[in-house]
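Report on the structure given below.
Just so it is clear: chains get the letters A, B, ... in the order the sequence lines come, proteins before strands, and each one is counted from 1.
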There are 2 protein chains.
Amino acid sequence: MTDHHDDPVRSITDLAKIAGVSVSTVSRALTSKGALNKDTRRRIQELAARHGFRINVAAQNLRLGRTGAVAVLLPLGHERGQHLSDPFFMAMLGFLADELAERGYDLLLSRVLPDGEDWLDSFIRAGRTDGVIIIGQSNQSAVLDRTASHYQPLVIWGAYGARNQYLTVGTDNMAGGALAATHLLARGRRSLAFFGNVSVPEFAARYQGFLSALPADARDRVELVHAHVTPEASYRAATDYFAAGHRPDGIFAASDVTAMGVIAAAAEQDMRVPEQLSVIGFDDVPLAQMSNPPLTTVRQDIRRGAALLVELLCRRLAGETAQSVQFAPELVIRESS
Amino acid sequence: MTDHHDDPVRSITDLAKIAGVSVSTVSRALTSKGALNKDTRRRIQELAARHGFRINVAAQNLRLGRTGAVAVLLPLGHERGQHLSDPFFMAMLGFLADELAERGYDLLLSRVLPDGEDWLDSFIRAGRTDGVIIIGQSNQSAVLDRTASHYQPLVIWGAYGARNQYLTVGTDNMAGGALAATHLLARGRRSLAFFGNVSVPEFAARYQGFLSALPADARDRVELVHAHVTPEASYRAATDYFAAGHRPDGIFAASDVTAMGVIAAAAEQDMRVPEQLSVIGFDDVPLAQMSNPPLTTVRQDIRRGAALLVELLCRRLAGETAQSVQFAPELVIRESS
DNA sequence: CTGTTAGCGCATTCAG
DNA sequence: CTGAATGCGCTAACAG
């Protein structure tokens, strides 16, 4: 309990006054830095607690030449207003919040609608954060490359590209796509379709990996169906696709959310999953195992991804070197295939 | 394009130097405040653009005695690490980000594990943000009341309570519960169960509203099943419940996520939804209509909620008065009931 | 061990 | 219309 009556204590100056010491002493006492008599330190800390005083973080940071915050940017290159509904990104955000908090950083959340090529540099120059984590490179690869060349504390969640200069953490999407292909083949599926927006590099890689693991005859017949990553859009895309008379026996969806949309559309057409149609998703979001039927999917380890993003960022912040990391996805077989 | 070669321009002081004017002139030019010759203003703005200079927001805010940021706090009173997986909160977060951005505020995201009764005051005193939005009061009603008594810019998403002093925006959960009850009755269901964690005020209100709209005989037989708001926990709770031999014909789940867990568990027990068992959720998250069968649910208008939260907060920030708002939920009938 | 002093980058009086 | 000076709240030399 704090009981701050009398004079309000709004700054270390106020506190110094009533403690009868100098501001620097108060500063030292409260930051536990610098040499200071044990008793004075404790006395001042108690006084601060009694008056409910806490150091003003903004001023502290200005003085220290830092902000104490890291930005998490969600570029909505083509899916305006949609990304945040994706459970995968949300789970990622949660883990990032935890990881950053553990290292004493605030998390500044911002959705950005990339306009032109200056949005990122412009954001950085405003000096609101010490570093930037970008979730999904969207179609902004060129912008990222340019910024990364002169700004170190920048990490991107997304597909690794050998040509990219920027630091990425992500799943090996090609391998994930191959996993999906192999699985559908093992299920005897040959008439296949891929649902997703291949202008997003991550999804493009999944598609490529998928194709690459298919024998030529099956590969040539794969149909590419454009679908955005929202449940509604995926559902609509699938409905249109089925309505046009297509009857594949295996579908690889670029994300679990898309897979659920596809299954919902299939159910309406009385196509039985998995009897007539095998569906496999990507991500393994928490709801994947609750969906009906439980979703076969390619799992990405989100928690690990978040931890890695923060770790690499902190290395860069400390002036150390850091390298892109790509980890292997894992096939999770449930009942939709 | 910016081409910043030669001397780096890091502060208005630098810019003033190369512009041959004083810092105050630069300040006036860049903030578009104060009287200033039109030409000098334009000249300096162009110079700034050319050198890729942007005002340091942190310093500006310190000087202005503000932070330019609003905190969005997710108290995890009992569901450690889980809330952020709830699509409802996530959608809310997305809309909040947009609304705040529109008004020029950054969004500082933080999950808090309420410990003791000082976590909120302590956070506020750190002065990191100009205002606080709390998503879900969890079991922290007392803390919120105490803080609200001396801190104005604080708005809570959650159940309205006549006894609470703090400002809330939320759905009329009682009415929502009643909607669910009426609907299940109309479906001829009489053997009912409620799934949720009633130590959360919002869920408690849904439960109370549910009971209140039931005839005495049905009400007396309602079973209350404790379930946390994650898919896994809900699934487990339902599995255990069915395994214990319970066979209700109608279930009202405190959230859509819980409803999906219940349906998944029911499917495993070969209980057909909706033939043998009607299930109704709460929220109407995007995935609700993609679930199998599509979920009957009580809809909350998240977007409107977010807009209102921000609006009330801004009023409080401007020193104006603001009152709690509660809006009516809407029954969305699909195929799970 | 503690106090004095000088800024961090900016906005805003007050003069001119 | 513009410049000089002051300080937002804090930390870090540098003295003592």
(request) Report yes if some heavy atom in the side chain of B:Tyr105 is under 4.5 Å from a heavy atom in the side chain of B:Leu317; otherwise report no. (result) yes

(message) Applying side-chain hydrogen bond (donor to acceptor under 3.5 Å, both in side chains), can you list everything that pairs with A:Arg66, at least two apart in sequence or on another chain?
(response) A:Asn61

(request) For B:Arg54, look at atom CZ and say whether over 12 heavy atoms of other residues, nucleotides or ligands are found less than 6.0 Å away. (result) yes

(message) Counting C-beta onward and ignoring hydrogens, is there a side-chain heavy-atom pair between A:Val132 and A:Phe123 closer than 4.5 Å?
(response) yes

(message) Suppose the criterion is side chain to side chain donor-acceptor pair (under 3.5 Å): which pairs have a residue in residues 309-322 of chain B, not counting sequence neighbours?
(response) B:Gln152-B:Arg316, B:Glu311-B:Arg315

Between protein and nucleotides 7-11 of chain D, what N or O pairs are separated by less than 3.5 Å?
unit_1, atom_1, unit_2, atom_2, d
D:dG7, N2, B:Arg63, NH1, 3.0
D:dC10, OP1, A:Asn56, N, 2.9
D:dC10, OP2, A:Ile12, N, 2.4
D:dT11, OP1, A:Gln60, NE2, 2.6
D:dT11, OP2, A:Ser27, OG, 2.6
D:dT11, O2, A:Arg63, NH1, 2.2

(message) Taking only side-chain N and O atoms of A:Ser22, does any of them lie within less than 4.0 angstrom of OP1 or OP2 on C:dT2?
(response) no

(message) Restricting to side-chain hydrogen bond (donor to acceptor under 3.5 Å, both in side chains), what partner residues turn up for A:Thr25, sequence neighbours left out?
(response) A:Ser22

(request) Taking all heavy atoms of B:Gly131 and all of B:Tyr151, pick out the closest pair and write down the distance. (result) CA-OH, 3.5 Å

(request) Could you identify which residues of residues 35-43 of chain B place a heavy atom less than 4.0 Å from some atom of DNA chain C, listed by residue number, or say none? (result) none

(message) Looking at A:Ile156, is its backbone amide N or carbonyl O close enough to the side chain of A:Gln137 to form a donor-acceptor pair, meaning the two atoms are under 3.5 Å apart?
(response) no

(message) What I want to find out is whether B:Arg125 reaches B:Asp118 closely enough, with some N-O distance under 4.0 Å, to be called a salt bridge.
(response) yes

(message) What's the angle between the local helix axes at either end of the helix from C:dC1-D:dG16 to C:dG16-D:dC1, using five pairs per end and rounding to 10 degrees?
(response) 40°

